[in-house]
Engineer: 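Mind having a look at this structure? Questions to follow.
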There are 2 protein chains.
Amino acid sequence: MAVTLRDVADLAGVSFKTVSNVVNGYPHIRPATREKVERAIATLGYKPNPSARSLRSGRTGAIALAVPELNLSYFAELASFVIAAAEQSDLVTLVEQTGGDRDRELALLQSPRMRMTDGLILDPLGMRPEDADALDVAFPLVLLGERSFDWPSDHVTMRNVDATRAGTEYLIASGRRRIAVIGEHEDEVIGSARLRLRGYREALAAHGIEYDERIVAKATLWHRADGAHAMRELLARGAAFDAVFGFNDTLALGAMRVLQEAGVRVPEDVAVLGFDNLDEAAYSIPSLTTVDPGREWIARTAVETLLERIGPGGSKLPPRTRLADFEIVERESAPRM
Amino acid sequence: MAVTLRDVADLAGVSFKTVSNVVNGYPHIRPATREKVERAIATLGYKPNPSARSLRSGRTGAIALAVPELNLSYFAELASFVIAAAEQSDLVTLVEQTGGDRDRELALLQSPRMRMTDGLILDPLGMRPEDADALDVAFPLVLLGERSFDWPSDHVTMRNVDATRAGTEYLIASGRRRIAVIGEHEDEVIGSARLRLRGYREALAAHGIEYDERIVAKATLWHRADGAHAMRELLARGAAFDAVFGFNDTLALGAMRVLQEAGVRVPEDVAVLGFDNLDEAAYSIPSLTTVDPGREWIARTAVETLLERIGPGGSKLPPRTRLADFEIVERESAPRM
DNA sequence: TCGCGATCCTACAACGATGCAGAATCACGG
DNA sequence: CCGTGATTCTGCATCGTTGTAGGATCGCGA
């Protein structure tokens, strides 16, 4: 059926290993031979068989990226950067969606599908500290998102606590005192939600503002609809607030929409601050002030880190944690002052 | 290094072929033997080697999805559905980004990377009619998006002309007469842009409204920024309009943002209509009336169609074109009346 | 002329799985 | 007690490639 090294070799009148050598850029080949072979490759349209190649060499040329879902713009934009970075190194990217579900994340780590790739970049939204053992896998692994697993693996992440502390202080500096929050996870102990809440509380404490759980709203998933829902609940509770910090942009955007439906003016009555700096944050009405966590840097660095592990001697490297810088992007929904 | 069939066989005291039979669910195996083997598999943690498997069987268990970029929400949501549908059939999805660039699309069709998969779902944004020959590839291929290639391949797409005609008529029925358009491609002849423009013109003609190119704005890429840019240009031209039809939601949202910055009221002064029904269209201010092209159906159907081709006898099937139903979703930016 | 290292090419054995053909065992009717 | 067909298991060849080892050829100095 398909053209193989042998077919090319027959046409070129050399041994099939010589064709292999040409394809792989082995240096010691006479120009005449090389040309003969290349012509044969062109006329037959030979393309190497990646299965055979990786069976022999142990490398597949693919990496896997596992995120909760591409529906969430943050992960879509992240995936876009990861795929682009991988392509730079001639790797293809296989995308898995876990739904942020613990069981599916654990299953993925055990899955035979992982043997189709040279390594995995995983955002373990659902896993818990006691699942650390599951991270003891035979393939190179880079975790995204700040998590405190008791397991020495590579991490590429952002400074969640610092960033939300800075965000909250930004709101405080602009004169807000009653700062509501959307995105708490009730029983989660290691994820971004918990860390971001901590940064928020630290900032409050540093400025002598009391923590009031009546203006803290849960949202387990971070879709627009969840932000909208949380905001409706906050409004229903009746506790006053003059700012809202959405733990990501989609939550903030959903919340902002509900605020405006309810006749609340943004930012005059309530300032809104997001987290992620999605493309769309610049185009909402009003445009969204947000914390930019350095998505592109994270994506690029995750791929680099994984490649170092995959490469020769990679398994000997000590576990590394790499932190992105953040930045507050001022827009209309929360002016600096 | 890794555990193989042989290792399992040794531990279980059977031939390695028997282990293979167990793994593949061959029926004639004594329960006792099966159990022995399964226990050995479990203790050793055996996982089949997909490279070896696909070298032998010719099937890889992966499909490729090529879209312009995941940054564009439409494609992110589409990819999300495709990946989910593929997973239902135990296939992993390898995502490629072409940037909508003709050369990269053509290169992808020739790329050896394609041999890592059983087939490709491609949205050929940049290809031209004269590139039809490039579609003559050795692997199963399903095209997304309505294109008039002179090549008999499978298509899954939406009724672009009908949908934009209906959208335009919706605006006309609500009393608008000067309907601007954003998203024309100048020199493209086969893509959605051209088809959507045709639907628009058909609707105008049917209602005796003159086509005025002063209110038709180009946008080669369909990001929010492009919509914003196009709207600034429209405003600068000074030609009056009482509605805008963005050829996708992000264009419409970018344009809507600029309108409101300029003090134009939506929908009182100008109605805005989008196309795609993205998640975010429901949360903008005002929420976006839009044409829903049935993204999920398209994704599911594309995977199904590809699977039929991949399956036994698939290459004998006649080329098929499958059309999704569309629907106009009424929201605030363009009320029905 | 010979020896020797560089250069160019080839032969053979893997990598880990599956398909096929067939050997061994078993059940059961005549 | 044997023949026959189903059941259960094994052995071998094979998929297309790369790594290793080594054979041929060549240039060049001794």
Side-chain angles (χ1 to χ4, degrees), chain A residues 1-38 40-41 44-62 90 112-118 138-139 312, chain B residues 1-38 40-41 44-62 90 112-118 138-139 312:
Chain A
M1 173 74 239
V3 183
T4 74
L5 283 181
R6 263 193 175 71
D7 302 325
V8 176
D10 289 350
L11 180 60
V14 295
S15 90
F16 80 95
K17 184 65 233 251
T18 298
V19 179
S20 166
N21 286 337
V22 169
V23 171
N24 292 21
Y26 178 75
H28 300 306
I29 296 173
R30 251 185 315 169
T33 312
R34 180 186 304 279
E35 212 204 325
K36 251 192 323 187
V37 170
E38 272 163 357
I41 287 177
L44 296 180
Y46 168 75
K47 311 229 167 60
N49 179 322
S51 302
R53 221 175 221 192
S54 60
L55 171 58
R56 191 58 242 246
S57 69
R59 288 277 302 269
T60 66
D90 253 308
R113 301 148 82 101
M114 282 303 107
R115 299 201 56 187
M116 294 184 51
T117 66
D118 295 331
F139 49 83
Chain B
M1 170 78 237
V3 184
T4 73
L5 282 181
R6 265 193 171 71
D7 302 325
V8 177
D10 289 350
L11 180 62
V14 296
S15 89
F16 81 96
K17 185 64 234 257
T18 299
V19 180
S20 166
N21 285 337
V22 169
V23 171
N24 292 24
Y26 178 74
H28 300 305
I29 297 174
R30 250 185 316 170
T33 312
R34 179 186 304 280
E35 211 203 325
K36 251 191 322 186
V37 170
E38 271 162 358
I41 288 177
L44 295 180
Y46 167 75
K47 311 225 167 63
N49 179 323
S51 302
R53 223 177 220 192
S54 58
L55 171 59
R56 192 58 242 249
S57 69
R59 287 277 302 268
T60 66
D90 252 307
R113 302 146 82 100
M114 282 304 106
R115 300 202 55 188
M116 295 183 51
T117 66
D118 295 332
F139 47 84

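Keep in mind it's a predicted model, so treat the numbers as computed, not measured. Quick note on labels: first sequence line is chain A, next is B, and so on, each numbered from 1.
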Engineer: May I ask you to verify if any side-chain N or O of A:Ser15 is less than 4.0 angstrom from the OP1 or OP2 atom of C:dA11?
Structural biologist: no
Engineer: By nearest heavy atom, map B:Gly13 and A:Asn24 onto DNA chain D; which one lands nearer the 5' end?
Structural biologist: B:Gly13
Engineer: Whole-Å distance between C:dA17 P and B:Arg59 CZ?
Structural biologist: 18 Å
Engineer: Between D:dG16 and A:Thr4, is there an OP1 or OP2 to side-chain N/O distance shorter than 4.0 Å?
Structural biologist: no
Engineer: With a 4.0 Å cutoff (strictly under), does any side-chain N or O of B:Thr18 reach OP1 or OP2 of D:dT10?
Structural biologist: yes
Engineer: Would you kindly give the CZ-to-P distance between A:Arg30 and D:dA24, to the nearest whole Å?
Structural biologist: 16 Å
Engineer: Given D:dG11, D:dT8, C:dT10, which nucleotide is nearest the side-chain atoms of A:Lys17?
Structural biologist: C:dT10
Engineer: Does any non-hydrogen side-chain atom of A:Asp90 lie less than 4.5 Å from one of B:Arg113?
Structural biologist: yes
Engineer: Just the rounded figure in Å: distance from C1' of C:dA14 to CZ of B:Phe16.
Structural biologist: 14 Å
Engineer: For B:Asn21, report the nucleic acid contact type (base, sugar-phosphate, nothing); a contact means any heavy atom under 4.0 Å.
Structural biologist: base
Engineer: Quick one: does A:Val23's side chain get under 4.5 Å of A:Ile41's, heavy atoms only?
Structural biologist: yes
Engineer: On a heavy-atom basis, which atom in B:Ala62 and which in B:Met116 lie closest, and how many Å separate them?
Structural biologist: CB-O, 4.0 Å
Engineer: Kindly give the heavy-atom pair with the smallest separation between A:Arg34 and A:Tyr26, and that separation in Å.
Structural biologist: NH2-O, 3.6 Å
Engineer: Looking only at heavy atoms, what is the nearest atom pair of B:Leu44 and B:Val3, with distance?
Structural biologist: O-CG2, 3.4 Å
Engineer: Might you point out which heavy atoms bring A:Ser51 and B:Ser54 nearest each other, and give the distance in Å?
Structural biologist: OG-OG, 2.8 Å
Engineer: If I take atom CZ in residue A:Arg6 and atom P in nucleotide D:dC15, what distance separates them, rounded to the nearest angstrom?
Structural biologist: 8 Å
Engineer: For a quick test of reading the model, state the closest non-hydrogen atom pair linking B:Leu5 to B:Tyr46 and the distance between them.
Structural biologist: CD2-OH, 3.4 Å
Engineer: Which protein N or O atoms sit under 3.5 Å from an N or O of nucleotides 21-25 of chain C?
Structural biologist:
none

Engineer: Determine the contact category for A:Ile29: base if any of its heavy atoms lies under 4.0 Å from a base atom, sugar-phosphate if only primed atoms, P, OP1 or OP2 are that close, otherwise nothing.
Structural biologist: sugar-phosphate
Engineer: What are the two closest non-hydrogen atoms of A:Arg115 and B:Lys47, and how far apart are they?
Structural biologist: NH1-O, 2.6 Å
Engineer: Heavy-atom distance under 4.5 Å between the side chains of B:Leu55 and A:Asn49, does that happen here?
Structural biologist: yes
Engineer: Quick one: is B:Ser20 getting a side-chain N or O under 4.0 Å of the C:dT18 phosphate, OP1 or OP2?
Structural biologist: yes
Engineer: Side chains of residues 10-20 of chain B: which donor-acceptor partners sit under 3.5 Å, not counting sequence neighbours?
Structural biologist:
unit_1	atom_1	unit_2	atom_2	d
B:Ser15	OG	B:Lys17	N	3.3
B:Ser15	OG	B:Thr18	N	3.3
B:Ser15	OG	B:Thr18	OG1	3.3

Engineer: B:Leu5 CG to C:dA14 P: how many Å, rounded?
Structural biologist: 18 Å
Engineer: Would you classify B:Val14 as touching base, sugar-phosphate or nothing, given that sugar-phosphate means primed atoms plus P, OP1 and OP2, and contacts are heavy atoms under 4.0 Å?
Structural biologist: sugar-phosphate
Engineer: For DNA chain C, which residues of residues 48-57 of chain A approach it to below 4.0 angstrom with any heavy atom?
Structural biologist: A:Leu55, A:Arg56
Engineer: Quickly work out the A:Glu35 CD to C:dC8 C1' distance and round it to whole Å.
Structural biologist: 17 Å
